[in-house]
Amino acid sequence: MDDFTAQIYSQVHQIPQGKVSTYGDIAKFAGFPGYARQVGKLLGKLPEGSSLPWHRVINAKGEISLTGNDLERQRSKLIAEGIEVSDVGRIRLGRYRWDGL
DNA sequence: ACTATGACAGTTG
DNA sequence: GCAACTGCCATAG
């Protein structure tokens, strides 16, 4: 587990329930500005039963970057936390965005 | 070494 | 608000 992975993991883990953050911000807060794509790749490799709240991470447009069935899974998890997700997977960042601690 | 690809992002018209 | 373009960086073939 390299330093990058460790930092990203801890950062994602801090996103409070009912809030969301973006790939770019996570990378930035973790100390790796510009590594948004690497964050996405990392989350994609996560095991199913991971304790990491990966579903609280979305893209800068405020939408879920997954497709098909995966998108549905993430949406249900978010809705379960009280976050409003439109039928196309869009979320109001102005309302649910997490700006760090 | 080179190219293509991806759970991305910022700027511009 | 949206589409096109450009910049970004690790991985895979």
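Residue numbering restarts at 1 for every chain, and letters A, B, ... go by the order of the sequence lines. Worth knowing before you read on, the calculation uses all heavy atoms, side chains too, and leaves out hydrogens, waters and symmetry mates.
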Worksheet item: Would you say B/dC8 has OP1 or OP2 under 4.0 Å from some side-chain N or O of A/Tyr35?
Response: no

Practice prompt. Please state how far atom CD in A/Glu63 lies from atom P in C/dG1, giving the value in whole angstrom units.
Written response: 11 Å

Fill in: Separation of A/Ile64 CD1 from A/Arg73 CZ (nearest 0.5 Å)
12.0 Å

Discussion item. Output the rounded distance in Å from NZ (A/Lys61) to C1' (C/dA3).
Written reply: 11 Å

Practice prompt. Whole angstrom is fine here: how far is it from CG in A/Asn59 over to P in B/dG10?
Written response: 10 Å

Practice prompt. Sticking with atom P, work out how far C/dC5 lies from B/dA7, rounded to a whole angstrom.
Written response: 22 Å

Practice prompt. Specify the separation, in whole Å, of atom CD1 of A/Ile91 and atom P of B/dA7.
Written response: 18 Å

Worksheet item: If each of A/Gly34 and A/Arg90 is mapped to the nucleotide of DNA chain C with the nearest heavy atom, which maps nearer the 5' terminus, i.e. the 5' end?
Response: A/Arg90

Worksheet item: How close or far is atom P of B/dA9 from atom NZ of A/Lys41, stated in whole angstroms?
Response: 15 Å

Fill in: Touch class at under 4.0 angstrom, heavy-atom based, for A/Thr67 against every strand present
nothing

Item to complete: Drop me the distance from A/Ile26's CD1 to A/Tyr9's OH, to the nearest 0.5 angstrom.
Response: 13.5 Å

Worksheet item: Looking at A/Val88 and A/Arg75, what are the two nearest heavy atoms and their distance?
Response: N-NH1, 4.1 Å

Response to the item:
The nucleotide from B/dA9, B/dA7, C/dT11 with an atom nearest the side chain of A/Ala60 is B/dA9

Worksheet entry | Nucleotide B/dG6, atom C1' - distance to CG of A/Asp70 in whole Å | 14 Å

Fill in: Nearest-Å distance for atom pair CG/C1', residues A/Leu93 and B/dC8
14 Å

Fill in: Given DNA chain B, 5'-ward residue of the pair A/Gln38 and A/Lys28, judged by closest heavy atom
A/Gln38

Practice prompt. Looking only at side-chain atoms of A/Arg37, point me to the closest of B/dA9, C/dG7, B/dA7.
Written response: C/dG7

Worksheet entry | Separation between CD1 of A/Ile79 and NE2 of A/His55, rounded to the nearest 0.5 Å | 12.0 Å

Worksheet item: If you look at every strand shown and take non-hydrogen atoms under 4.0 Å, does A/Gly24 touch a base, only sugar-phosphate, or nothing?
Response: sugar-phosphate

Response to the item:
Residues A/Lys19 and A/Arg95: closest non-hydrogen pair is NZ-O, 3.9 Å

Discussion item. Can you check the distance between B/dG6 and C/dG7, where both ends of the measurement are the C1' atom (answer in whole Å)?
Written reply: 15 Å

Worksheet item: Rounded to the nearest Å, what distance is computed from the CG atom of residue A/Asp2 to the C1' atom of nucleotide C/dC9?
Response: 14 Å

